[in-house]
Amino acid sequence: MKRILVTGGAGFIGSHLCEKLLEAGNEVICVDNYFTGSKMNIIHLMNSPYFEVIRHDITMPLYVEADEIYNLACPASPVHYQYNAIKTIKTSVMGSINTLGIARRTRSKIMLASTSEVYGDPAINPQHEGYRGNVNPLGPRACYDEGKRCAETLFMNYHRQNGVRIKIARIFNTYGPRMSINDGRVISNFIVQALRGDDITIYGDGNQTRSFQYVDDLIDGLTRLMNTDDSFTGPVNIGNPSEVSVRELAERIVLMTGSRSKLVYYPLPEDDPRQRRPDISLAERELGWRPVTGLEEGLQKTIDYFRKVLN
Ligand code: NAD
Ligand code: UDP
């Protein structure tokens, strides 16, 4: 039995990861400050004697022992990460230093939940791991993008200087049950708006694209990455290469929910990337992984979840 630390474990992705790690027979320590996460996401795990929750802000040092660490703590929705931009940078940078410190002291393996945002508004499509990105270091998204880029740099340097066993996952837009109603990201916004009969808020002309992966596929990719040979550090893209425009997504959700909601258009936020699609050939080769859940199937599961939550 391994003891696994998951920071940000009460969040959307973290709660699914904690669940899967427990199911696989591990002991899990979940660390979270509940900024965007919730006890409701992990309440079903609380009865397990192998699950432990610590309310802690990862910008402060933490002393625990673990065999593996997944560092997920960081708000991920633009609305939340821009709410306190300085805190977002501290969470990525100091949170990484603190968790890397645990990894160095306890000789544990550690993974960073990095992001496709390191590619910024990409000049190439799809994006492969060798692409260095097009990030505006001064714009409103920079606290998140540059915070994660610096976290990647820290991971690489702890690896080079101290021999820490690291893994860097570049996660592309992920959705599924347990996203919060107020998360602010596009899929949860559109589904909640459609189910309530509210206007569907498209930012810009809706021609910008994203590639959405269902959360179960991501968790499979992350655990496979953690189990790769120590010589493989990544970064590796984990995402679904099927690309859709935001307008197509809105139309599809309206159709699937049978909603009467209208599509309404608002200004595009500053620095909003025009396109995003992962090149996953590295993940296919090194992890033997590719996503198996199509958008239709994943959206249906997510719609079913939000129907229950809203009732
Ligand atoms: P989320 O907001 O649901 O989860 C983040 C969790 O981290 C929350 O539980 C929050 O309370 C916790 N947290 C935030 N700041 C903290 C701090 N200072 N100390 C302790 N806990 C803190 O977001 P998510 O979608 O589950 O994302 C999880 C991770 O995956 C993040 O690091 C995010 O950057 C990364 N990621 C997510 C996506 C995506 O599409 N969901 C894409 C790329 C990367
Ligand atoms: N978006 C939108 N309406 C919303 C929320 C988001 O049109 O209510 C757009 C947003 O401008 C972006 C895309 O959807 O172009 C994805 O946004 P999200 O915040 O989900 O993720 P990110 O921009 O970080 O990829």
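Both ligands and their constituent atoms are indexed starting at 1 by order of listing.
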Query raised in the report: Given side chains that start at C-beta, do those of Q213 and P278 come closer than 4.5 Å, heavy atoms only?
Result: no
Query raised in the report: Which is closest to atom 30 (O) of ligand 1 in terms of heavy atoms, G176, A113, G184?
Result: A113
Requested in this report: Using non-hydrogen atoms of the residue, decide whether T7 is closer than 4.0 angstrom to ligand 1.
Outcome: no
Query - Shortest protein heavy-atom distance from atom 24 (O) of ligand 2, along with the residue and atom involved - result: R141 NH2, 2.9 Å
Query raised in the report: So, K148 side chain and A113 main chain: donor-acceptor pair closer than 3.5 Å or not?
Result: yes
Query raised in the report: Less than 3.5 Å between some nitrogen or oxygen of T91 and one of ligand 1, yes or no?
Result: yes
Requested in this report: Kindly confirm or rule out an N or O of T36 lying under 3.5 angstrom from an N or O of ligand 1.
Outcome: yes
Query raised in the report: What is the minimum heavy-atom distance between L263 and A250, and which atoms define it?
Result: CD2-CB, 3.9 Å
Requested in this report: For Y34, take its heavy atoms, then give the atoms of ligand 1 lying under 4.0 Å from any of them.
Outcome: 11 (O)
Query raised in the report: Does even one non-hydrogen atom of H56 get within less than 4.0 Å of ligand 1?
Result: yes
Report task. Show which atoms of ligand 2 fall inside a sub-4.0 Å distance from at least one heavy-atom site of I202. Result -> 7 (O)
Requested in this report: Give a yes or no on whether a salt bridge exists between R3 and D67, defined as a side-chain N under 4.0 angstrom from a carboxylate O.
Outcome: no
Query raised in the report: How does Q208 reach ligand 2, by side chain, by backbone, by both or by neither, if only non-hydrogen atoms under 4.0 Å count?
Result: side chain
Query raised in the report: To which protein heavy atom is atom 17 (O) of ligand 2 closest, and what is the distance rounded to 0.1 Å?
Result: V186 CB, 4.0 Å
Report summary line: For M94 and T59 the tightest heavy-atom approach is CE-O, 3.7 Å
Report task. Determine whether the side chains of D229 and S231 contain a donor N or O and an acceptor N or O closer than 3.5 Å. Result -> yes
Requested in this report: Assess Y144 for proximity to ligand 1: is some non-hydrogen atom of it under 4.0 Å away?
Outcome: yes
Query - A10 to ligand 1, any heavy atom closer than 4.0 Å - result: yes
**Report entry** Evaluation steps, side chain to side chain contact (heavy atoms under 4.5 Å, CB included), between T228 and K167
**Finding:** CA-CA 9 Å; T228 50; K167 310 282 176 194; 2.9 Å; yes
Query - Nitrogen or oxygen atoms of S38 and ligand 1 under 3.5 Å apart - result: no
Query raised in the report: Which ligand 1 atoms are under 4.0 Å away from a heavy-atom of L72?
Result: 28 (C), 29 (C), 31 (C), 32 (O)
Query raised in the report: Looking at ligand 1, does E117 have a heavy atom less than 4.0 Å from it?
Result: no
Query raised in the report: Is S114 in contact with ligand 1, taking contact as a heavy-atom separation below 4.0 Å?
Result: yes
Query raised in the report: Looking at G37, which atoms of ligand 1 are within less than 4.0 Å of one of its heavy atoms?
Result: 8 (C), 9 (O), 10 (C), 11 (O)
Query raised in the report: Run the side chain to side chain contact (heavy atoms under 4.5 Å, CB included) check on N157 and L100 step by step: do they pass?
Result: CA-CA 10 Å; N157 284 297; L100 282 160; over 6 Å; no
Query raised in the report: Any Lys/Arg nitrogen of K87 or D57 sitting under 4.0 Å from an Asp/Glu carboxylate oxygen of the other?
Result: yes
Query raised in the report: Is a side-chain donor-acceptor pair under 3.5 Å present for S261 with Q193?
Result: no
Query - Top protein contact for atom 13 (C) of ligand 2, by heavy-atom distance - result: V246 CG2, 3.8 Å
Query - Partner of E65 under salt bridge (charged side-chain N to carboxylate O under 4.0 Å, His left out), chosen from R105, K2, R107 - result: R105
Requested in this report: Sort out for me which residue in R276, R170, Q127 forms a side-chain hydrogen bond (donor to acceptor under 3.5 Å, both in side chains) with Y119.
Outcome: R170
Query - Per-residue contact class, Y266 against ligand 2 - non-hydrogen pairs under 4.0 Å - result: neither
Requested in this report: Please check if any side-chain donor atom of T209 sits under 3.5 Å from a side-chain acceptor atom of Q275, or the reverse.
Outcome: no
Query - Identity of the nearest option to atom 6 (C) of ligand 1, non-hydrogen atoms only, from A76, G14, G8 - result: G8
Query raised in the report: Counting from 1, what ligand 1 atoms have a heavy atom of D57 closer than 4.0 Å?
Result: 17 (C), 18 (N), 19 (N)
Query raised in the report: So does R149 pair up with E152, basic N to acidic O under 4.0 Å?
Result: no
Query raised in the report: Has ligand 1 got any nitrogen or oxygen that is less than 3.5 angstrom from a nitrogen or oxygen of N173?
Result: no
**Report entry** Common cluster, Y81/I13, ILVMFWY with side-chain heavy-atom separation under 4.5 Å
**Finding:** no
Report summary line: Note: I58, heavy atoms under 4.0 Å from ligand 1, region reported as both
Report task. Please indicate whether any nitrogen or oxygen in T115 is less than 3.5 Å from any nitrogen or oxygen in ligand 1. Result -> no
**Report entry** Protein heavy atom at shortest distance from atom 3 (N) of ligand 2
**Finding:** T201 O, 2.6 Å
Query raised in the report: Which residue supplies the protein heavy atom nearest to atom 1 (N) of ligand 2, what is that atom called, and how far is it?
Result: Y203 CD1, 3.4 Å
Report task. For ligand 2, find out whether one of its N or O atoms is nearer than 3.5 Å to an N or O atom of R276. Result -> yes
Requested in this report: For atom 41 (N) of ligand 1, grab the closest protein heavy atom and report residue, atom and distance to one decimal in Å.
Outcome: R185 NH1, 2.7 Å
Query - Distance-only N or O hit between ligand 1 and A73, under 3.5 Å - result: no
Report task. Using distance alone, decide if ligand 1 has a nitrogen or oxygen within less than 3.5 Å of any nitrogen or oxygen in I13. Result -> yes
Report task. May I ask whether K148 places a heavy atom under 4.0 Å from ligand 1? Result -> yes
Query raised in the report: Thinking salt bridges, do R224 and D220 make one under a 4.0 Å N-O criterion?
Result: yes
Report task. May I have the step-by-step check of salt bridge (Lys or Arg N to Asp or Glu O under 4.0 Å) for D272 and R210, ending in yes or no? Result -> CA-CA 11 Å; D272 200 282; R210 294 292 185 273; 3.1 Å; yes
Report task. For salt bridge (Lys or Arg N to Asp or Glu O under 4.0 Å), just list the numbers for R274 and D205, CA-CA rounded to whole Å, side-chain angles, deciding distance to a tenth of an Å, and then say yes or no. Result -> CA-CA 11 Å; R274 294 297 307 165; D205 57 14; 3.8 Å; yes
Report task. May I ask you to list the atoms of ligand 1 that are less than 4.0 angstrom from any heavy atom of F12? Result -> 3 (O), 25 (O), 26 (O)
Query raised in the report: Nearest heavy atom to atom 8 (O) of ligand 2: which of I187, N189, N173, D272 does it belong to?
Result: N189
Query raised in the report: When you look at Y265 and R247, which way does the side chain to side chain contact (heavy atoms under 4.5 Å, CB included) test go after all the steps?
Result: CA-CA 10 Å; Y265 292 83; R247 191 180 330 112; 3.4 Å; yes
Query raised in the report: Below 4.0 Å from any atom of ligand 2, is there a heavy atom belonging to S77?
Result: no
Query raised in the report: Does a donor on one side chain and an acceptor on the other come within less than 3.5 Å for E270 and N136?
Result: no
Report summary line: So the atoms of ligand 2 within less than 4.0 Å of a heavy atom of E117 turn out to be 24 (O)
